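Working notes, beginning with the structure itself.
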Amino acid sequence: MEHTPEATPGERRTFAPRTITVRLQPKEQLLTMPREKTVLQVLRKLGIRPTTAIVVRDGGLLTPDREVLPDDELLIRIVTSSG
Amino acid sequence: MKCKRCKETAVVSLPSHHTGFCAECFLLFFTRQVERGIKERKLFTHDDRILVALSGGKDSLSLMLELSRLGYDVTGLHIDLAIPGSSPAARGVVERFCEKHGLNLIVKEMGAEGLAIPDVKARLNRPVCSACGKIKRYFFNKTALDENFTVLATGHNLDDEIARLFSNTLRWDVAYLSDQGPDLAADGGFARKVKPLWRLSEFETANYAFLMGIEHHYAPCPYSGGASFTFYKKLWTDLEEEMPGRKLDFYQGFLERGRPVFARADNEDGVDLSGCTRCGYPTSNEVCGVCRIRDALRDKPVGAEGTDGADNTERTE
C-alpha cells in the first residue's frame, strides 16, 4: 500500500497512483498505465485478445488469470504475423 | 491456473483445448502435436531429406528446431529478399540460429538473382505481397529439386492455413481449394511440400519459441501493411474466442470432407500446366510468373505500367 504520510485532521488523504509499465512489441512502445488486477484485465484495457500475445514478467510467461502487482514491468508481444 | 498434466502453475493457457500447461508439459504437448500432424497426414519419414524454408520468424525456426530434435534430416533455406533494414535483420537471425544449433543452411540472395523485392515493388501496379510470395515459392521449389531434397517443409501454422482457406472459400477458388492442405504431393515439376505445424496455432508456436529461447525476427514486413490475411486472422481470432476449437474443426473438416470434392472438380475442369519455356517451372502460360517479373525489371523503367506476373494456376504453397 503506497500512500502519502499520515494526514493531519481535516486534511484530505491522497494516494499515490499505482501504475505498471508495459513494453509493447513489435511496436516497441513503452507505456505507463494504471495497475489492473490481472493480466487479462491489462490485455482488455489495451484491446488485445489473450491468444494473440504472450505476456512476460521477469523472464517468465504469464497466463491471463495471473495477478498483476503495482510497479510490475510487463512485456507484451503481439504474435500475429502479417501477410 | 494449474497445469492440466502435473498441477504446477501453468504458464500457457490454451482455451482452444480447454487447458493450460507448465513450461515442461507445454513443450511435450507441442512435440506431440507436431508428431501427430506428421503421422496423420503421412508428411514424411526419417528417411526423407527435408528442406525447411526459414524466414527468420518464430514459426519456421520453431519448426526447424523441433524437427531437428525429433531426429529428422533437416537443412534450412533462407531467401534474402534484399529489403533494406528488414532483410539483413531476418538473415542475421537465421544464420545465428543455425550456427547455434549446428544446422545446415542454404541462403539464396534475390539481389544477386536480379529480383530484389524493392525493385519489384517499384515496378508493380499492385501490392508486392503476391509477387514476393511467388518469387519465394519459386526458389523454394527450385532449390528443393536442384539439391535433391525429397520434401520441402514450411512453417505455416493453423492460423495461416485458416486465413488461406477462408480467402480461397470467399472466392470459391476451386483450383486452390482442390490442393490446399498440409500435404502436397510432388507433381509435374513441383517438389513435395508439407506443413508440419498445421495443428498448432500461431500463439502456441510463439510460446514454444519463447520457452525454447529462440531469438526470432518479429518486426513486420515493411510492405505487408494491407495484407488481407491479417484481417482474416483477426476475424477468426474473434470467432475462436467465442467458440474455442472451431479453427481446428473447420480445417480438419475441410481436409476430410471438402478438399476431396474440390479435387474431383478440379480434375474435370482444371487447367493443365507445362514447363516455362525459359526456366522449366510449371506454369499455365508459355512463360512463368517469375520470368515475367524478371522481364519487367529488365525492360520497364520505374513508374511504367507494371506486371504482377499473374499466373493463377500455379500452386500457392
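Note that the coordinates shown come from a computational prediction; the quantities given were computed from them, not determined experimentally.
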May I have the list of side-chain donor-acceptor pairs in residues 54-63 of chain A shorter than 3.5 Å, sequence neighbours left out?
from   : atom 1 : to     : atom 2 : distance (Å)
R57(A) : NH1    : E67(A) : O      : 3.1
R57(A) : NH1    : D72(A) : OD2    : 2.5
T63(A) : OG1    : D65(A) : OD1    : 2.5

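Atom-to-atom distance recorded for R49(A):CZ and D238(B):CG is 4.0 Å, nearest 0.5 angstrom. T80(A) OG1 to F229(B) CZ: the interatomic distance, rounded to the nearest 0.5 Å, is 15.0 Å. Rounded to the nearest 0.5 angstrom, E204(B) CD and T51(A) OG1 are separated by 9.5 Å. With rounding to the nearest 0.5 angstrom, the OG1 atom of T237(B) is 12.5 Å from the CD1 atom of I48(A). Within the model, atoms CZ of R77(A) and NE2 of H216(B) stand 4.5 Å from one another, a figure rounded to the nearest 0.5 Å.
Looking at P64(A) and M1(B), their side chains never come closer than 4.5 Å, going by heavy atoms from C-beta outward.
Atom CD of E73(A) sits in a sparse spot, with 12 or fewer heavy atoms from other residues, nucleotides or ligands closer than 6.0 Å. The 12-atom threshold is not exceeded at NZ of K121(B), counting heavy atoms of other residues, nucleotides or ligands nearer than 6.0 Å. Environment of CD in E215(B): crowded, with over 12 heavy atoms of neighbouring residues, nucleotides or ligands closer than 6.0 Å. Residue E8(B) qualifies as open at atom CD: its count of foreign heavy atoms under 6.0 Å is 12 or below.
The two residues R66(A) and T9(B) have their closest heavy-atom pair at NH1-CG2, 3.6 Å. Taking each heavy atom of E241(B) and P50(A) in turn, the nearest pair found is OE1-CD, 3.5 Å.
Only the side chain of L211(B) comes within contact range of chain A, with heavy atoms under 4.5 Å apart. Heavy atoms of K234(B) lying under 4.5 Å from chain A are absent altogether.
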